[in-house]
Number of protein chains: 2
Amino acid sequence: MNNIPELEILFELADVFKVFGDSTRLRILYTLFDGERSVGEIAEALGMEHSTISHQLRVLRTNKLVKIRRDGKQIYYSLDDDHVKKIIEMGLDHVLE
Amino acid sequence: MNNIPELEILFELADVFKVFGDSTRLRILYTLFDGERSVGEIAEALGMEHSTISHQLRVLRTNKLVKIRRDGKQIYYSLDDDHVKKIIEMGLDHVLE
DNA sequence: TGAACATATGAATAACTGTTCATATGTTAA
DNA sequence: TTAACATATGAACAGTTATTCATATGTTCA
């Protein structure tokens with residue numbers, strides 16, 4: 001696959017990687033590796049403000065990396081895509097040499 | 001692999017994805033998919049300033065995504081790592097649904 | 001040595017991004 | 001309806017980043 005994608009696609013591709021390029025979002029995604037979690041659970045697990053987590057979850061959701069399920073007052077987030085784990089593990093391989 | 005990596009590793013991981021999260025750098029990497037290219041060749045292929053390309057090549061090199069070979073006045077850049085293509089293709093899979 | 005070329009670097013600027021604080025929306029149970 | 005809770009949103013701020021311009025380094029050939 002040596003064809004260079006359309007510029008439009010390249011911008012989208014860069015956008016996807018940008019989403020992975022923040023440690024808070026990576027930590028959120030790792031938290032979801034074990035299964036769905038509510039906003040409060042994630043915030044507590046990471047020791048961060050609910051508001052921060054909520055903002056970042058929106059970024060993840062806009063980019064279709066996570067999906068939601070409402071259950072009463074809570075909203076449960078989970079990974080939306082099989083690629084998510086694979087992309088992160090590829091990146092980790094690179095970091096670990 | 002559900003263990004969350006050390007925070008230190010997570011920061012490095014985020015840094016790696018940040019490098020992929022820019023369309024200019026992605027275009028440079030794609031240009032190198034076919035083999036090594038000089039700075040001037042890359043700049044011309046992308047229609048951008050040599051200086052811009054040089055700055056971005058340094059980012060790519062610092063993060064060990066490309067390596068160099070000097071030949072006379074030119075410096076030839078090439079992909080340093082098999083992961084590079086794989087990571088990009090994984091991301092592309094996600095973008096293309 | 002010098003001129004011409006290829007690449008790198010530093011400073012400056014504009015645009016973008018993550019977090020916080022304050023406030024709003026939406027849900028449940030009384 | 002109200003109170004209490006869970007989550008979302010908007011504005012503001014500080015920090016980061018990509019590009020440009022100007023200049024420097026390094027290489028070749030005469």
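Here is the naming used below: chain letters follow the sequence lines, and residue numbers restart at 1 for every chain. All values below were derived from every heavy atom in this structure, side-chain atoms included, with hydrogens, water molecules and symmetry-related copies excluded.
- Comparing D:dA6, D:dT19, C:dA6 by their closest approach to the side chain of A:Gln74 singles out D:dA6.
- Residue B:Ile28 contributes atom CD1, which lies 11 Å from atom P of D:dA18 at whole-angstrom precision.
- Within the structure, a side-chain polar atom (N or O) of B:Ser54 is placed less than 4.0 Å from OP1 or OP2 of C:dA8.
- Candidate nucleotides C:dT9, D:dA8, D:dT9 were compared by shortest atom distance to the side chain of B:Arg58, and C:dT9 ranks first.
- Centroid-to-centroid, the aromatic rings of A:Phe20 and A:Phe17 stay 6.0 Å apart or farther.
- Distance CG (A:Leu60) to C1' (C:dG18): 13 Å, rounded to an integer number of Å.
- Here B:Tyr77 does not reach the OP1 or OP2 of C:dA6: none of its side-chain N or O atoms lies under 4.0 Å away.
- Whole-Å rounding puts the A:Asp15 CG to D:dA18 P distance at 13 Å.
- Checking C:dA11, D:dA8, C:dT20 against every side-chain atom of B:His55, the shortest atom distance belongs to C:dA11.
- Between the CD1 atom of B:Ile42 and the P atom of C:dA8 there is a distance of 9 Å, rounded to whole Å.
- Per the geometry, NZ belonging to B:Lys18 stands 14 Å off C1' belonging to D:dA18, to the nearest Å.
- Within the 4.0 angstrom heavy-atom criterion, no nucleotide atom of any strand lies near A:Tyr76.
- The side chain to side chain contact (heavy atoms under 4.5 Å, CB included) test with B:Leu60 is passed by exactly one of B:Leu79, B:Asp22, B:Leu32, B:Val66: B:Val66.
- Side chain of A:Gln74 to backbone of A:Asp71: no donor-acceptor contact under 3.5 angstrom is found.
- A:Arg69 has its CZ atom 15 Å from the C1' atom of D:dT7, to the nearest Å.
- Looking at the side chain of B:Gln56, the nearest of the listed nucleotides D:dA18, C:dA8, D:dT17 is D:dA18.
- Nearest-nucleotide mapping onto DNA chain C: of A:Glu49 and B:Leu57, the residue sitting toward the 5' end is B:Leu57.
- Listed candidates were C:dT27, D:dT7, C:dT7. Nearest to the side chain of B:Ser38 is C:dT7.
- Remark: the backbone N or O of A:His83 is paired with a side-chain donor or acceptor of A:Asp81 at under 3.5 angstrom.
- Scanning all heavy atoms of the two residues, the minimum distance from A:His50 to A:Ala43 falls at CD2-CB, 3.3 Å.
- Formation of a donor-acceptor pair under 3.5 Å by the B:Arg25 side chain with backbone atoms of B:Val19 is found in this model.
- For B:Lys73, counting side-chain heavy atoms from C-beta on, the closest listed nucleotide (D:dA8, C:dA6, C:dT7) is C:dA6.
- Side-chain proximity of A:Arg25 to the nucleotides D:dA18, C:dT9, C:dG18 is greatest for C:dG18.
- Whole-Å rounding puts the A:Leu46 CG to C:dT19 P distance at 10 Å.
- Rounded to whole Å, atom P of D:dA18 lies 11 Å from atom CE of B:Met48.
- The base of D:dT9 lies close enough to the side chain of A:Ser51 for a donor and an acceptor atom to sit less than 3.5 Å apart.
- Closest approach to the A:Arg70 side chain among C:dT27, D:dA8, C:dC21 is made by C:dT27 (side chain taken as heavy atoms from C-beta onward).
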